[in-house]
Amino acid sequence: MTDRLIIFDTTLRDGEQSPGASMTKDEKLRIARQLERLRVDVIEAGFAASSNGDFECVKAIAEVIKDSTVCSLSRANDRDIARAAEALQGAARGRIHTFIATSPLHMEKKLRMTPDEVFEQARLAVRFARNLRDDIEFSAEDGYRSDIDFLARVCEAVIKEGATTINIPDTVGYAIPELYGHFIKTLREKVPNSDQAIWSVHCHNDLGMAVANSLAGVKLGGARQVECTINGLGERAGNCSLEEVVMAVKTRRDHFGLDVGIDTSQIVPASRMVSHTTGFVVQPNKAVVGANAFAHASGIHQDGVLKARDTYEIMRAEDVGWSANKIVLGKLSGRTAFKQRLQELGVVLESEGEVMAAFAKFKDLADRKSEIFDEDILALVSDESVTAEKEQYGFISLAQRSETGETPHAEIVFTIDGREVRGVSDGNGPVDASLKAIESQVSSGAEMVLYSVNAISGNTESQGEVTVRLQNSGRIVNGVGADPDIVVASAKAYLSALNKLHSKADRVAAQG
Ligand code: KIV
Ligand code: ZN
């Protein structure tokens, strides 16, 4: 057993399974690079066999990431495993993560397999995978609701076949900390060769206990790998949140006695990048990365913190990367300063053309906004018109009129497959009029299920960041747009959501 806790990030795989959180290849690459800067040990880059798109993402990430292990999920069958191995070919360090469900409910109702069949399939899958790579993780899906003796037999067998990490997910977020910790401990005791693998926990947050359960799996159960996501992103109530688990282990090192390799100063930038990319806004009171996490509003607290910081603060805001919120560039900054700031923020734009497009947008923004923050730059480079991806819809300009007592009216110019179109509409408010003006030309048939506005850097001079969630024929997507004018930001967000709705995404769900 090691005294180091391995941080396995699955934002790009399990996190991406949240409805509407799907990301493009460029977005995934950008997040993977940020995860590498964060120094996560393992990046689960996707589920290569689920779609050609996912295969390409895993492959691209495997080719560029050097410091973290890159992992692909695969079901426990030869085709999936071979596809994962193929996608990982270019990886400096690659891991195949194969899984099969082991709970009575999942085996009987979902897989329609007997326990003996599942046992055999798990064993053969790991044998096959081990012939392709050395680093093999086996997950027993719905492991926590499995019969512990059966699960112990499966774990023993897959370790014999060469699995190097054994992961016991609480797939449906049903566990309670003491019970889960005890379950992992007892399971390890029942597996005779348990010392030949690293034990891992993977907890979902349906009862709000994913972090507590993961920590119990570590402290009581002896697990030495935690699977987690940035901002706790994930299906339903999400996964165990990386920032919370890491800061708990670091802040309470006296209790856990474990080291983590994470560069915590990269936590807030990672949180912002994931939130901006997926459109999943971080709640203000979220631990570590919420806007209020270090804000002391009450007089008593403020007074205490000014006298001695540790009266009310157990972590330092700057240690998790909050100092990023400073003025960095202005109207007079040149291209070199802009490029250098992009580099410091870890943004890699693929071509000089993309840098030029981003710089033009920066100049445009600097004309309208006196102070440019890191957040503004990150929002600007996430804009689809910068990352030269071929999108169906592109924003050009918007004019709108609203006055007390008058019906708001909007006129929008945008492109559809490169062709310029003009839409005109009235609406209940300026945003409503603008989105109806888009729909007058698009007739998407999509239903809006969420609209939210957030100030990127906290005051009225800030850019507004708008998230629009659309639903159509069972697909849910999020679009994000940023601009000092929130009506323009709304139109950009709407067009971004339409682009995602129209991109093809046929995939196999991991828990499907
Ligand atoms: O929650 C789960 O069981 C999973 C596995 C596929 C690892 O995500
Ligand atoms: Zn999961």
Side-chain angles (χ1 to χ4, degrees), residues 6-19 21-22 42-51 54 58 69-77 80-81 83-84 95-107 109-111 118 121-122 125-126 129 135-146 151 154-155 158 163-175 180 183-184 187 197-211 213-214 217 223 225-242 245 507-512:
I6 296 168
I7 301 297
F8 176 116
D9 179 278
T10 182
T11 306
L12 299 176
R13 198 280 297 171
D14 221 354
E16 206 214 12
Q17 280 175 217
S18 341
S22 66
V42 186
I43 298 173
E44 188 159 56
F47 177 4
S50 69
S51 68
D54 238 33
V58 176
T69 296
V70 177
C71 169
S72 171
L73 186 69
S74 64
R75 286 166 299 189
N77 64 58
D80 269 30
I81 294 168
R83 196 82 175 128
R95 172 180 297 186
I96 297 174
H97 176 190
T98 187
F99 77 98
I100 191 163
T102 52
S103 68
L105 191 62
H106 278 226
M107 289 190 292
K109 302 278 189 242
K110 188 181 85 169
L111 299 175
V118 166
Q121 189 160 326
V126 170
D135 188 348
I136 306 298
E137 173 165 335
F138 172 79
S139 280
E141 190 190 1
D142 207 19
Y144 177 63
R145 291 194 301 171
S146 304
L151 184 57
V154 173
C155 293
V158 295
T164 41
T165 302
I166 302 292
N167 182 40
I168 309 297
D170 175 23
T171 303
V172 293
Y174 181 68
Y180 184 68
F183 186 84
I184 303 287
L187 178 63
I198 296 201
W199 291 76
S200 167
V201 287
H202 175 118
C203 297
H204 281 263
N205 203 32
D206 298 66
L207 293 173
M209 289 187 281
V211 172
N213 288 334
S214 302
Q225 175 176 285
V226 172
E227 302 198 351
C228 45
T229 59
I230 302 290
N231 299 337
L233 187 69
E235 265 184 301
R236 309 184 307 275
N239 284 61
C240 169
S241 128
L242 179 145
V245 97
R507 48 173 48 225
V508 177
Q511 277 95 4

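Index from 1, following the sequence. Both counts, for ligands and for their atoms, begin at 1 and track the order of listing.
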Candidate pair Phe138 and Val154, rule side chain to side chain contact (heavy atoms under 4.5 Å, CB included), full reasoning: CA-CA 10 Å; Phe138 172 79; Val154 173; 3.8 Å; yes
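Not a single heavy atom of Gln17 sits under 4.0 Å from any atom of ligand 1.
Scored by the ring pair (Phe, Tyr, Trp, His ring centres under 6.0 Å) test, Phe183 finds Tyr144 as partners (sequence neighbours excluded).
Restricting His204 to its N/O/S atoms, the shortest distance to the Zn ion (ligand 2) is reached by NE2.
No side-chain heavy atom of Asn213 sits less than 4.5 Å from a side-chain heavy atom of Val201. Considering only heavy atoms from C-beta on, Thr98 stays 4.5 Å or farther from Arg75 through its side chain. Val226 places a side-chain heavy atom less than 4.5 Å from the side chain of Cys240.
Atoms of ligand 1 lying under 4.0 Å from at least one heavy atom of Glu141, given by number and element, are 3 (O). If you number the atoms of ligand 1 from 1 as listed, the ones under 4.0 Å from a heavy atom of Pro169 come out as 2 (C), 3 (O). Here is the list of ligand 1 atoms found below 4.0 Å of a heavy atom in His204: 1 (O). For ligand 1 and Ser139, the ligand atoms under 4.0 Å from any heavy atom of the residue are 7 (C).
Of the N and O atoms on the side chains of Thr165 and Glu137, not one donor lies less than 3.5 Å from an acceptor on the other residue. Side-chain contact annotation: Asn167 with Glu227, donor-acceptor N/O pair under 3.5 Å present. Defined by atom type and a distance below 3.5 Å, a donor-acceptor pair is present between the side-chain atoms of Asp14 and His202.
Polar contact with ligand 1: present for His202 (N/O pair, distance under 3.5 Å). Of the polar atoms of Asp14, at least one N or O is found under 3.5 Å from an N or O of ligand 1, judged by distance alone. In terms of polar-atom proximity, defined here as any N/O pair under 3.5 Å, His97 makes no such contact with ligand 1. The shortest N or O to N or O distance between Glu227 and ligand 1 is not below 3.5 Å.
By heavy-atom distance, the residue among Ile100, Asn239, Thr171 lying nearest atom 3 (O) of ligand 1 is Thr171.
Here Asp14 contributes OD2 and His202 contributes NE2, and at the Zn ion (ligand 2) these two atoms make an angle of 90°, given to 10°.
A salt bridge links Asp142 with Arg145: at least one charged nitrogen is closer than 4.0 Å to a carboxylate oxygen.
For Arg75, no heavy-atom contact with ligand 1 is shorter than 4.0 Å.
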